[in-house]
Student: 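One structure is given below, represented as structure tokens, and several questions about it will come after.
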Amino acid sequence: QVQLVESGGGLVQPGGSLRLSCAASGTFSSIYTMRWFRVAPGKQRELVAAITSGGSTTYADSVKGRFTISRDNAKNTVFLQMDNLNLDDTAVYYCNAYIQLPGGPGYDGWGQGTQVTVSS
């Protein structure tokens with residue numbers, strides 16, 4: 001049983017910043033790639049950023065230069081630093097991780113989501 005819990009969402013004005021966190025807990029052997037997705041109102045889920053266990057990162061074009069994904073492997077936590085937020089960043093943000101469970105099975109884990117609202 002693995003839990004992913006996001007935190008750090010909230011209300012911010014355009015141009016502001018937020019830092020999201022997602023911590024994994026439970027029993028597992030390894031955490032591989034960790035990702036942030038978002039679901040904006042009336043839109044499909046989209047990948048925002050990803051980071052491998054080795055620290056390689058990938059970003060959606062819309063957030064390049066503004067968002068930074070990082071992870072603390074010792075704490076089983078992934079972060080998303082969001083700077084220069086705009087109205088289009090308003091969404092529910094979800095943490096995702098592919099986790100190796102004891103005994104071999106893989107687990108595609110999802111957090112419960114945290115709301116980010118950018119409004120003037």
Side-chain angles (χ1 to χ4, degrees):
Q1 192 71 32
V2 179
Q3 287 187 323
L4 295 171
V5 180
E6 302 102 332
S7 62
L11 175 65
V12 65
Q13 294 184 350
S17 298
L18 286 173
R19 191 189 193 211
L20 307 183
S21 299
C22 173
S25 62
T27 302
F28 49 85
S29 298
S30 304
I31 301 178
Y32 297 106
T33 300
M34 304 186 79
R35 301 174 177 88
W36 286 99
F37 290 83
R38 67 186 181 186
V39 181
K43 298 183 179 179
Q44 298 296 313
R45 184 184 68 191
E46 64 176 336
L47 176 64
V48 177
I51 184 167
T52 69
S53 59
S56 297
T57 59
T58 302
Y59 297 94
D61 288 341
S62 60
V63 307
K64 287 181 180 177
R66 299 189 298 119
F67 291 10
T68 303
I69 189 171
S70 62
R71 64 192 288 169
D72 185 336
N73 290 332
K75 296 182 178 180
N76 299 316
T77 301
V78 62
F79 306 94
L80 186 67
Q81 177 67 44
M82 304 184 294
D83 298 321
N84 194 24
L85 288 159
N86 59 57
L87 299 181
D88 291 333
D89 295 319
T90 294
V92 178
Y93 285 71
Y94 295 91
C95 174
N96 165 262
Y98 188 73
I99 301 170
Q100 184 71 52
L101 302 179
Y107 174 72
D108 189 24
W110 289 88
Q112 84 288 351
T114 185
Q115 176 71 49
V116 172
T117 302
V118 184
S119 176
S120 60

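The structure displayed is predicted, hence computed values, not measured ones.
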Student: Indicate if Phe28 and Ile51 have the same hydrophobic cluster label, given that clusters are the connected sets of ILVMFWY residues with side-chain heavy-atom separations under 4.5 angstrom.
Tutor: yes
Student: Can you measure from OG1 (Thr58) to CD1 (Ile69) and round to the nearest 0.5 angstrom?
Tutor: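 Atom-to-atom, Thr58:OG1 and Ile69:CD1 are 8.5 Å apart.
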Student: If I compare all heavy atoms of Pro14 with all of Leu87, which pair ends up nearest, and what's the gap?
Tutor: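 Looking at all heavy atoms of both residues, the closest pair is CG-CD2, 4.0 Å.
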Student: Short question: side chain of Tyr59, backbone of Gly65 - any donor-acceptor pair under 3.5 Å?
Tutor: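 Side chain of Tyr59 to backbone of Gly65, a donor-acceptor pair under 3.5 Å: no, none is there.
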Student: How close do Arg38 and Ser62 get, counting heavy atoms only, and between which atoms?
Tutor: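 Heavy-atom minimum between the residues: NH2-OG, 3.5 Å.
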Student: For Gly111, is there any backbone N or O sitting under 3.5 Å from a side-chain donor or acceptor partner on Asn96?
Tutor: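 Judged by distance alone, no pair lies under 3.5 Å.
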Student: More than 12 heavy atoms of other residues, nucleotides or ligands under 6.0 Å from CD of Gln112: is that the case?
Tutor: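 Atom CD in Gln112 is crowded, with more than 12 foreign heavy atoms closer than 6.0 Å.
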Student: Looking only at heavy atoms, which two atoms of Thr90 and Ala40 are closest? And how far apart?
Tutor: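 Thr90 and Ala40 have their closest heavy atoms at O-CB, 3.5 Å.
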Student: Determine the interplanar angle of the Trp110 and Tyr94 rings, folded into 0 to 90°, and report it as parallel if under 30°, tilted if 30 to 60°, perpendicular if over 60°.
Tutor: perpendicular
Student: Distance check, rounded to the nearest 0.5 Å: Arg71 atom CZ versus Asn76 atom CG?
Tutor: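 The distance works out to 8.5 Å.
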Student: Would you mind listing every disulfide bond (SG atoms under 2.5 Å apart) that reaches into residues 5-102, with sequence neighbours excluded?
Tutor: Cys22-Cys95
Student: Are side-chain heavy atoms of Asp89 and Met82 found at a separation under 4.5 Å?
Tutor: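 No, too far: nothing below the 4.5 Å cut-off.
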Student: Starting from the C-alpha separation in whole Å, work towards a yes-or-no answer on side chain to side chain contact (heavy atoms under 4.5 Å, CB included) for Val118 and Asn86.
Tutor: CA-CA 6 Å; Val118 184; Asn86 59 57; 5.6 Å; no
Student: Tell me, do Leu20 and Val116 make a side-chain contact under 4.5 Å, heavy atoms counted?
Tutor: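 Result yes, sub-4.5 Å side-chain heavy-atom pair found.
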Student: Starting at OG1 of Thr77, measure out to CE of Met34 and round the result to the nearest 0.5 Å.
Tutor: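 Nearest 0.5 Å value for the OG1-CE distance: 7.0 Å.
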Student: Taking side chain as C-beta onward, heavy atoms only, is Glu6 less than 4.5 Å from Trp36?
Tutor: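 When only atoms from C-beta onward are counted, Trp36 and Glu6 do touch, with a gap below 4.5 Å.
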Student: Hydrophobic clusters here meaning ILVMFWY residues chained together by side-chain heavy-atom distances under 4.5 Å, can you tell me if Phe37 and Val63 are in one?
Tutor: no
Student: Kindly state each residue pair satisfying side chain to side chain donor-acceptor pair (under 3.5 Å) with at least one member in residues 10-32, sequence neighbours excluded.
Tutor: Ser17-Asp83
Student: Show, in sequence, the C-alpha distance, side-chain angles and deciding distance for Ile99 and Tyr107, and conclude whether the side chain to side chain contact (heavy atoms under 4.5 Å, CB included) test is met.
Tutor: CA-CA 5 Å; Ile99 301 170; Tyr107 174 72; 4.2 Å; yes
Student: Of all heavy-atom pairs between Ala24 and Leu4, which one has the smallest distance, and what is that distance?
Tutor: CB-CD2, 3.4 Å
Student: Side chain to side chain contact (heavy atoms under 4.5 Å, CB included) for Asp72 and Phe79? Distances and angles first, verdict last.
Tutor: CA-CA 8 Å; Asp72 185 336; Phe79 306 94; 4.1 Å; yes
Student: Please name the residue in the list Val12, Leu11, Leu80 that meets the side-chain contact (heavy atoms from CB on, under 4.5 Å) test with Leu18.
Tutor: Val12
Student: To check you understand the geometry: which heavy-atom pair defines the closest contact between Tyr98 and Gly106, and what is its length?
Tutor: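 Closest heavy-atom pair between Tyr98 and Gly106: OH-CA, 3.3 Å.
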